[in-house]
Novice: 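First, the structure itself, so that you have it in front of you.
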Amino acid sequence: MKYFTQNTSNSFADLVYEKTSLIPRGRVVTYGQIAKAIGRPGASRAVGNALNCNPYAPVVPCHRVVKTDGKIGGFVSGSKVKAGLLRRDGVKVRDGKIVDFEKKIFHFN
DNA sequence: CATATGACACTAT
DNA sequence: AATAGTGCCATAT
């Protein structure tokens, strides 16, 4: 069952979608980076929850948000699908982990 | 207000 | 390097 109200404007979730949509093709960002970027360092877990709702499906490239250890993390449609999308973006995934992870990370300013 | 949940992160083993 | 335990945060009930 999914919860997370997607109607709450200007809320934590909205900030997450906003930042996530800025990730360029072929790059990835960690949940923690998103959290820090929206002024809530440590809320990495909450970021994942917000993305899980994924209201703006294809609009927000939520598949470009991964874990700090190089693993791609979870996905609504399954990690396998997520890996496929990343590969399509030019980010190779092998055994659930990103190849050349450090090089693919996109840093917010 | 208290408890539970989860697409995480960090530390110790 | 891989696993397990603990801490964190925003929502839901």
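Reminder, nothing fancy here: chain letters follow the sequence lines and each chain counts from 1. Everything quoted here is computed from the prediction, not taken from an experiment.
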Novice: Do the non-hydrogen side-chain atoms of K104(A) and K92(A) ever get within less than 4.5 Å of each other?
Specialist: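 In short, these two side chains do not touch, never coming nearer than 4.5 Å.
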Novice: In whole angstroms, how far is the C1' atom of dA7(B) from the CD1 atom of I72(A)?
Specialist: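 Atom CD1 in I72(A) sits about 10 Å away from atom C1' in dA7(B).
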Novice: Polar-atom pairs under 3.5 Å, protein N or O versus N or O of nucleotides 9-11 of chain B: list them with distances, or write none.
Specialist:
from	atom 1	to	atom 2	distance (Å)
dA9(B)	OP1	G32(A)	N	3.4
dA9(B)	OP2	T68(A)	N	3.2

Novice: Do I98(A) and V91(A) come within less than 4.5 Å of each other through their side chains, counting heavy atoms only?
Specialist: yes
Novice: So if I take every side-chain heavy atom of A43(A) and compare against dC9(C), dT11(C), dA7(B), which nucleotide ends up nearest?
Specialist: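 For the A43(A) side chain, the nearest candidate turns out to be dC9(C).
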Novice: Given atom CG of N49(A) and atom C1' of dC8(C), what is their separation to the nearest angstrom?
Specialist: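 So the CG-C1' distance, N49(A) to dC8(C), works out to 12 Å.
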Novice: Among dT11(C), dA7(B), dA10(C), which nucleotide has an atom closest to any side-chain atom of R40(A)?
Specialist: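 Of dT11(C), dA7(B), dA10(C), dA10(C) is nearest to the side chain of R40(A).
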Novice: Does the cation-pi check pass for K36(A) over F108(A), that is, NZ or CZ under 6.0 Å from the six-membered ring centre and within 45° of its axis?
Specialist: no
Novice: Is any side-chain N or O of T20(A) closer than 4.0 Å to OP1 or OP2 of dA7(B)?
Specialist: no
Novice: Any non-hydrogen side-chain atom of Y17(A) less than 4.5 Å from a side-chain atom of V59(A)?
Specialist: no
Novice: Should R27(A) and R64(A) count as side-chain neighbours, where that means a heavy-atom distance under 4.5 Å?
Specialist: no
Novice: For residues R87(A) and D89(A), determine if any side-chain heavy atom of one lies less than 4.5 Å from a side-chain heavy atom of the other.
Specialist: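 Heavy-atom side-chain distance check fails, nothing below 4.5 Å.
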Novice: Are K67(A) and Y31(A) packed together at the side-chain level, in the sense that at least one heavy-atom pair is separated by less than 4.5 angstrom?
Specialist: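 Side chain of K67(A) against side chain of Y31(A), heavy atoms only: contact under 4.5 Å found.
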Novice: Starting at OH of Y17(A) and ending at C1' of dA10(C), how long is that distance when rounded to a whole Å?
Specialist: 12 Å
Novice: Rounding to a whole Å, what distance do you find between F12(A):CZ and dC8(B):P?
Specialist: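 In whole Å, dC8(B) P and F12(A) CZ are 13 Å from each other.
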Novice: Measure the distance from CG on L51(A) to C1' on dT5(B) and round it to the nearest whole Å.
Specialist: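 In whole Å, dT5(B) C1' and L51(A) CG are 16 Å from each other.
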Novice: Enumerate the residues from residues 81-102 of chain A whose closest heavy atom to DNA chain C is under 4.0 Å, giving them by residue number; use none for an empty result.
Specialist: K97(A)
Novice: Each residue besides F75(A) in its hydrophobic cluster should be listed here, by chain and number; the cluster joins Ile, Leu, Val, Met, Phe, Trp and Tyr at side-chain heavy-atom distances under 4.5 Å.
Specialist: V81(A), L85(A)
Novice: Indicate, with yes or no, if L22(A) and F12(A) share a hydrophobic cluster defined by side-chain heavy-atom contacts under 4.5 Å among Ile, Leu, Val, Met, Phe, Trp and Tyr.
Specialist: yes
